[in-house]
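Naming convention: chains lettered A, B, ... in sequence-line order (proteins, then strands); numbering from 1 in each chain.
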Protein chains: 4
Amino acid sequence: MPTEKKKEFIYEAALSLIDESDDVSKIKVVDIAEKANIGKGTVYEYFSSKEQLIAESITYMLKKWINHLEDSFGEERSFKENYTLMLESVLSLMEKKHRTILGFISMSESGSHLYKSLNSLMKDSFEELQKSNLQFYEKIVDKSVEDGIIEEKPPLFDWYFAISSSILCVIIHEKHFEGDVGYNHQEIIEKAYNTYIKLLS
Amino acid sequence: MPTEKKKEFIYEAALSLIDESDDVSKIKVVDIAEKANIGKGTVYEYFSSKEQLIAESITYMLKKWINHLEDSFGEERSFKENYTLMLESVLSLMEKKHRTILGFISMSESGSHLYKSLNSLMKDSFEELQKSNLQFYEKIVDKSVEDGIIEEKPPLFDWYFAISSSILCVIIHEKHFEGDVGYNHQEIIEKAYNTYIKLLS
Amino acid sequence: MPTEKKKEFIYEAALSLIDESDDVSKIKVVDIAEKANIGKGTVYEYFSSKEQLIAESITYMLKKWINHLEDSFGEERSFKENYTLMLESVLSLMEKKHRTILGFISMSESGSHLYKSLNSLMKDSFEELQKSNLQFYEKIVDKSVEDGIIEEKPPLFDWYFAISSSILCVIIHEKHFEGDVGYNHQEIIEKAYNTYIKLLS
Amino acid sequence: MPTEKKKEFIYEAALSLIDESDDVSKIKVVDIAEKANIGKGTVYEYFSSKEQLIAESITYMLKKWINHLEDSFGEERSFKENYTLMLESVLSLMEKKHRTILGFISMSESGSHLYKSLNSLMKDSFEELQKSNLQFYEKIVDKSVEDGIIEEKPPLFDWYFAISSSILCVIIHEKHFEGDVGYNHQEIIEKAYNTYIKLLS
DNA sequence: CATGAATGAGGTTTCATTCAT
DNA sequence: AATGAATGAAACCTCATTCAT
């Protein structure tokens with residue numbers, strides 16, 4: 001197996017443990033190795049330390065997610081369709097797995113310091129990712145201006161916050177309001193979409 | 001020193017380390033003891049384990065913060081004044097300290113699973129706190145309706161999300177947009193306030 | 001309360017814990033203090049260390065037992081009556097409590113090294129006790145010669161072993177043969193008595 | 001080195017420390033590791049806890065001793081030769097080492113409660129060993145009946161006690177009567193043998 | 001005298017990392 | 001390249017003992 005493939009294999013093992021775990025710091029190298037069906041020592045053929053491995057695994061996941069989002073964004077679709085697809089993507093991520101990672105992404109604003117020790121290790125890739133993220137958000141905004149949904153392109157902070165808030169909407173709902181006190185799927189997506197519109201109008 | 005006072009003393013030591021620390025799990029009992037100028041063994045006279053101590057410390061901080069917020073909310077002030085004070089409170093918390101705890105509170109929606117292992121130890125007090133938090137939010141909303149800022153009291157989810165989003169606004173700004181690309185203090189508070197208004201109109 | 005009385009009070013607490021315990025080394029000073037209804041610090045007003053306390057407690061028990069045995073030995077009774085009373089004394093000790101101590105006494109031959117660390121602390125009193133024990137045994141032998149049960153006083157080793165073996169008889173029976181495969185109370189006392197006779201004839 | 005061989009290696013280190021030690025509970029894992037010329041952590045690759053290791057070490061020793069005794073018992077030899085060999089085995093054990101263990105075996109009748117905490121960990125193997133011990137004793141008795149030394153096979157308790165007493169004889173002598181007041185080697189073996197004969201006649 | 005809060009030496013156990021195979 | 005046995009630093013927690021009140 002080529003090196004990069006093997007590393008991805010290990011990433012997946014690490015990520016599944018990160019999601020199962022209550023406490024990332026409690027994950028053991030031996031568990032990751034076992035999950036990946038390789039020997040404990042082999043991990044060190046590919047990564048210089050456990051922290052490096054964890055950091056790279058999260059970076060890997062983040063990249064995959066950004067790519068996934070970007071792929072879902074098609075020029076041929078209307079803005080609302082694209083925006084909705086992005087929100088659906090967030091939701092499906094929450095429903096399925098990688099909740100830890102999701103917190104990491106969407107809440108990086110307030111939560112990233114929880115991982116500062118990781119951040120120092122993933123500083124470069126994390127900054128790169130934040131750039132990608134920002135570019136993707138900007139593509140969204142530009143599209144919304146292009147489609148005439150938003151009259152004029154607002155300042156950076158405003159659109160960054162609008163999209164973050166929109167995502168917060170679906171996340172809060174998913175986590176705390178599922179069931180009786182909340183809305184149905186269609187309604188919450190609509191509400192999140194409207195959040196974007198309202199905040200930038 | 002009475003027991004409760006001593007415990008609070010230890011809480012403060014723990015909290016200051018939690019805030020200084022990149023990684024809560026790396027904090028050592030001996031460090032907390034040193035910070036509190038007491039012996040290692042003394043910690044165990046007051047707490048049954050390190051985890052218990054950390055969990056109680058965070059609960060203590062959260063309670064203090066909620067109380068602080070509620071105290072800042074005066075019936076004699078206008079809604080906007082009250083709301084602004086609440087946002088200032090969030091900001092001052094971020095600027096000064098307890099960033100970890102802030103993440104804990106404001107992002108509990110998406111981030112709480114990061115603390116699952118703590119939560120299990122502080123389940124009861126945490127639920128109580130979330131109830132307090134919700135009650136405080138509701139007091140805000142009621143005031144805004146009473147003052148005629150909002151025409152009619154919206155559904156639970158809507159106002160909960162509106163306030164969360166408003167707080168997200170100041171947090172994102174504080175963390176990522178300080179300096180050139182952002183706004184000044186007055187502007188960002190105004191923007192956060194408007195977020196609440198917009199989202200509930 | 002006079003000092004000696006208080007010490008005896010603490011001895012009794014310690015002894016009851018020694019008997020309840022699987023492992024003498026696991027007994028905590030705080031437990032002894034609690035059992036004696038005194039403060040932890042008070043223990044150190046009477047004893048210089050935990051080991052000292054344990055050692056003295058055992059010595060106290062041993063002395064009490066020897067005295068008890070000697071008191072049971074009356075010149076006016078026949079040898080067999082006296083011997084039987086001694087065996088009953090052993091049995092009652094086993095049935096009631098102080099099994100640990102009993103092991104200590106009767107099995108000091110092979111078991112005492114288990115307590116070497118204690119022995120060093122109780123060396124003097126232990127030697128004194130062994131002397132008392134020996135004197136008591138000798139009184140038994142002399143009586144048996146005097147009463148004509150044994151023709152001639154045998155060498156030290158022989159009578160010491162004969163009595164030890166006799167005691168072993170009731171102990172083994174009590175511990176392992178109670179019930180179906182064993183004898184009734186009368187029979188086993190008789191058997192133990194006969195052991196003495198046989199071994200010295 | 002295969003796992004079982006390595007464990008035995010660690011057993012031997014532990015046993016030598018048990019014998020040197022005044023107090024089993026004072027033995028440190030690091031000492032056992034040093035004695036075995038391995039790292040402290042390595043011990044935990046083979047045993048789940050210190051108590052487990054101690055318990056298994058004693059079980060190991062007991063098994064070895066029982067096997068040794070049984071091997072020494074040959075059908076082609078006379079009963080007295082066999083019995084004498086068994087007693088010699090006890091004595092050589094006492095002279096050389098494993099005094100703690102010896103107490104454990106021969107005095108298990110009255111002393112086993114001293115090891116209750118160990119027993120709980122080695123319950124199964126200990127029961128198995130006691131069965132082996134009993135079977136060995138019975139083989140001895142049967143041989144004595146077969147050889148006509150004893151007329152008729154006595155009840156279980158009687159022969160069990162007779163052999164125990166016989167062993168007690170050599171143990172007491174070895175521990176307390178070596179030198180002036182005692183007998184020479186030949187005499188004490190003879191005396192112990194006669195104890196068996198007398199008690200079953 | 002009596003106390004128990006405070007202490008810290010000391011012991012157990014964990015686990016990331018190494019390295020010989 | 002892959003392994004996993006071996007390691008020991010590091011951290012938690014216990015508890016005998018002290019000492020100020």
* Structure fact -> Residues at least two apart in sequence or cross-chain that pass salt bridge (Lys or Arg N to Asp or Glu O under 4.0 Å) with A/K64, listed by chain then number, are A/E12
* Asked: B/K50 NZ to F/dA10 P: how many Å, rounded?
  -> 15 Å
* Asked: Can you name the salt bridge (Lys or Arg N to Asp or Glu O under 4.0 Å) partners of C/K7, sequence neighbours left out?
  -> C/E56
* Not counting sequence neighbours, which residues clear side-chain hydrogen bond (donor to acceptor under 3.5 Å, both in side chains) with A/K35? List them please. => A/E20
* To do: Calculate the interatomic distance between C/I54 atom CD1 and F/dT17 atom C1'; express it in whole Å.
  => 15 Å
* Pairwise 5' ranking along DNA chain F for B/V30 and C/K28, keeping only the more 5' one -> B/V30
* Could you state the OH-C1' distance from C/Y44 to E/dT7, rounded to the nearest angstrom? -> 13 Å
* Base, sugar-phosphate alone, or nothing: which one does D/I32 contact when heavy atoms must sit under 4.0 Å apart? -> nothing
* Structure fact -> Taking Watson-Crick and G-U wobble contacts under 3.5 angstrom, with | marking pairs to another strand and [ ] crossing pairs, the secondary structure of DNA chain E is written .||||||||||||||||||||
* Structure fact -> Out of F/dT17, E/dT17, E/dT13, minimum distance to the side chain of C/V29 belongs to F/dT17
* To do: Under 4.0 Å between any heavy atoms, over every strand shown, what does B/L53 touch: base, sugar-phosphate, or nothing? Just pick one.
  => nothing
* Asked: Between E/dT13 atom C1' and D/E51 atom CD, what is the distance in whole Å?
  -> 14 Å
* Could you state the atom-to-atom distance from CG of B/D31 to C1' of F/dC12 in whole Å? => 13 Å
* Asked: Can any side-chain N or O of C/K50 pair as donor or acceptor with the backbone N or O of C/I27 at less than 3.5 Å?
  -> yes
* Take the protein atom NZ of D/K26 and the nucleotide atom P of E/dG11, then report the distance between them rounded to whole Å. => 10 Å
* Asked: Which residues pass the salt bridge (Lys or Arg N to Asp or Glu O under 4.0 Å) test with B/K28, sequence neighbours left out?
  -> none
* **Between P of F/dC12 and CZ of B/F47, the distance in whole Å** => 15 Å
* Check whether more than 12 heavy atoms from other residues, nucleotides or ligands sit under 6.0 Å from atom OH of D/Y46, and answer yes or no. => yes
* To do: List in chain and number order the residues that pass side-chain hydrogen bond (donor to acceptor under 3.5 Å, both in side chains) with A/Y44, two or more places apart in sequence or in another chain; answer none if no residue qualifies.
  => none
* Asked: For B/S49, what residues pass the side-chain hydrogen bond (donor to acceptor under 3.5 Å, both in side chains) criterion, not counting sequence neighbours?
  -> none
* Whole angstrom value for the distance that separates C1' of F/dC13 from CD of B/Q52 -> 15 Å
* If the sugar-phosphate is the primed atoms plus P, OP1 and OP2 and the base is the rest, what is the B/S/- string for nucleotides 1-7 of chain F, using protein heavy atoms under 4.0 Å? -> -BBBBBB
* **Listed partners of C/Y60 passing ring-ring contact (aromatic ring centres under 6.0 Å, His included), at least two apart** => C/Y11
